[in-house]
*Asks:* 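Structure below; questions to follow.
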Amino acid sequence: MFGLADCNNFYVSCERVFNPSLEGKPVVVLSNNDGCVISRSEEAKKLGIKMGEPLFKIRDLINKENVAVYSSNFALYGDMSQRVMETLRDAVPSIEVYSVDEAFLDLRGMNIPDIKKIGEKLSLRVRKNTGIPISVGISKTKTLAKVAARVAKKTLSENGCTFLQDEEMIISALKNCKAGDIWGIGRKLSSFLAGNRIFTAYDLINAPGDWVKRRLTITGHRTWRELRGESCILFEEMPSEKKQICTSRTFPLEITQIDELYKAFAFFVSNCAEKLRHQKSVCREIVLFLLTNVYKESSPDYYRSISVQLETPTDSTIELMKKVSVSLEKIFREGYSYKKGGVILSEISQKSETSGDLFSPYDSHRHSTLMCCLDDINVKYGKGSIVHAAQGERFRTGSTRLSKRYTTDWADIITVKV
DNA sequence: TCTGGGGTCCTAGGACCC
DNA sequence: TCTGGGGTCCTAGGACCC
């Protein structure tokens, strides 16, 4: 058996932990620059606020219904996520952290009564330790556990857990699961399926396997098998290394000057390189991309990207930054207003498995030592405590309704009023 | 006026090899 | 008229996830 623990309305729930007066009220959390809605409380969902909806389109509704609005506070959510994961890790033999708010639970080899016991207690335990409400789904495969977790979330069962144990329960859950709600079936595939009179997960499992394989490819066939109770998606306890690392941002204001852009790209690359070093890897390729505002019809669109191969794989921010300054000049065109940009590192490999370049003008050992020192300082004193001069002042997005970093900054620790 | 930021995997088609 | 059989690698584009 596999389980899935899924935090309910995660970002909103994090805000509520530190501001319990939000309980029972409509709350939303916004993306960077306060652009779109990315998390909604049940009350906000009931008001008809959609996922990904731009804030400016729902201003009136928010004022009228008194919706609490928060900028995204990723420092807080990341830390709360870790606390949830620790509690889960404590409670079951093994977990796979699937996303910031979800983890699969490996319950293989456990007997049914024990699984039931875990399922019943898990959400209470997470709630008690972290304040975050979760839903738990348990069944024979990861995909079925996903289905079960949806049932748990919808039915709001008192212990927050749904265990799809026998055939009968599974069938009934699949009949109530829309095809588009299946893990791995997105918008395109669900409309394709609907065209073939497949509307629910139950319809899908009754479709012929070879047809599924031909039309939905091998991944869709895997989903089909999983829904039929055959486990074929691996449980991965160790997070695998990233094959690609990206940092990109929409700028709060449009940028026209190259030196302003350079500061942003200096931030992008150093942020990427930090992630790269964190997983003890090096990269052999760096891509820069830059674009104007795609929503604005009055001004011309411009999109360009450039990719640079490195002679020697590296994890040094300094070396990467030199490539950035040259490349940026190549893709920059005067006369456009830029709205978004980013850096992607790829061709990633293990640093320990890479040999250096004997003739490199850089002393890679000294670079490594310097980068290591820099990372340590930023861990100890907080992200962005020390940056490369090229970044200028700290890169900011235009978030205006930010809550405090209650759990990661001593200055923001919560005050209790008596 | 105002529209996020990360990722992964698969396939088709072309270029090339023998 | 009829035109082999087996591969690899790369890229772009499209699908999916949170």
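Fair warning: this is a prediction, and the values are worked out from it, not measured in the lab. In what follows, chains carry the letters A, B, and so on, assigned in the order in which the sequence lines appear, proteins first and then strands, with residues in each chain numbered from 1.
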*Asks:* Between A:R83 and A:E86, is a salt bridge (Lys or Arg N to Asp or Glu O under 4.0 Å) present by the stated rule, with each step listed?
*Replies:* CA-CA 5 Å; A:R83 293 171 185 224; A:E86 271 165 38; over 6 Å; no

*Asks:* Report which part of the nucleic acid A:D101 touches: base, sugar-phosphate, or nothing (heavy-atom distance under 4.0 Å, all strands).
*Replies:* sugar-phosphate

*Asks:* Any heavy-atom pair between the side chains of A:Y202 and A:I171 that's under 4.5 Å?
*Replies:* yes

*Asks:* Taking atom CZ of A:F268 and atom CG of A:L345, what is their separation to the nearest 0.5 Å?
*Replies:* 12.5 Å

*Asks:* Mind checking A:T247 for me? I need base, sugar-phosphate or nothing, with any heavy atom below 4.0 Å counting as a touch.
*Replies:* sugar-phosphate

*Asks:* Just call it for A:I182: base, sugar-phosphate, or nothing, with non-hydrogen atoms closer than 4.0 Å on any strand.
*Replies:* sugar-phosphate

*Asks:* Contact class for A:L30 (heavy atom, under 4.0 Å): base, sugar-phosphate, or nothing?
*Replies:* nothing

*Asks:* Between A:C246 and A:K296, just flag the one whose closest nucleotide in DNA chain B comes earlier from the 5' side.
*Replies:* A:K296

*Asks:* Using the C1' atom on both, measure C:dG4 against B:dC17 and round to a whole Å.
*Replies:*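 C:dG4 and B:dC17 have their C1' atoms separated by 15 Å.
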
*Asks:* Which class fits the ring pair A:W183 and A:Y98: parallel under 30°, tilted 30 to 60°, perpendicular over 60°?
*Replies:* perpendicular

*Asks:* Categorize A:E102 for me: base, sugar-phosphate, or nothing, with a 4.0 angstrom heavy-atom threshold over every strand shown.
*Replies:* sugar-phosphate

*Asks:* 5' to 3' on DNA chain C, which nucleotides open and close the contacts with chain A (atom under 4.0 Å from a heavy atom)?
*Replies:*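 Nucleotide range in contact with chain A: C:dA15 to C:dC18.
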
*Asks:* Check every strand shown and say whether A:K275 touches a base, only sugar-phosphate, or nothing at a heavy-atom separation below 4.0 Å.
*Replies:* sugar-phosphate

*Asks:* So what's the dot-bracket for DNA chain B: Watson-Crick or G-U pairs under 3.5 Å, [ ] if a pair crosses, | if it pairs off-strand?
*Replies:* ....||||||||||||||

*Asks:* Side chain to side chain donor-acceptor pair (under 3.5 Å) between A:D6 and A:S135: does it pass, once the steps are laid out?
*Replies:* CA-CA 5 Å; A:D6 192 344; A:S135 301; over 6 Å; no

*Asks:* Please lay out, stage by stage, how A:Q391 and A:S270 fare under the test side chain to side chain donor-acceptor pair (under 3.5 Å).
*Replies:* CA-CA 9 Å; A:Q391 279 177 246; A:S270 72; 2.9 Å; yes

*Asks:* On the ring face of A:F104, is A:K142 found with NZ or CZ under 6.0 Å from the centre and within 45° of the axis?
*Replies:* yes

*Asks:* Tell me whether the NZ or CZ atom of A:R222 lies within the 45° cone about the ring axis of A:W224 and under 6.0 Å from its centre.
*Replies:* no

*Asks:* Map A:T217 and A:Q244 onto DNA chain B by nearest heavy atom, then report which one ends up closer to the 5' terminus.
*Replies:*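 Result: A:Q244.
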
*Asks:* Determine, using ring centers only, whether A:Y11 and A:Y70 are less than 6.0 Å apart.
*Replies:* no

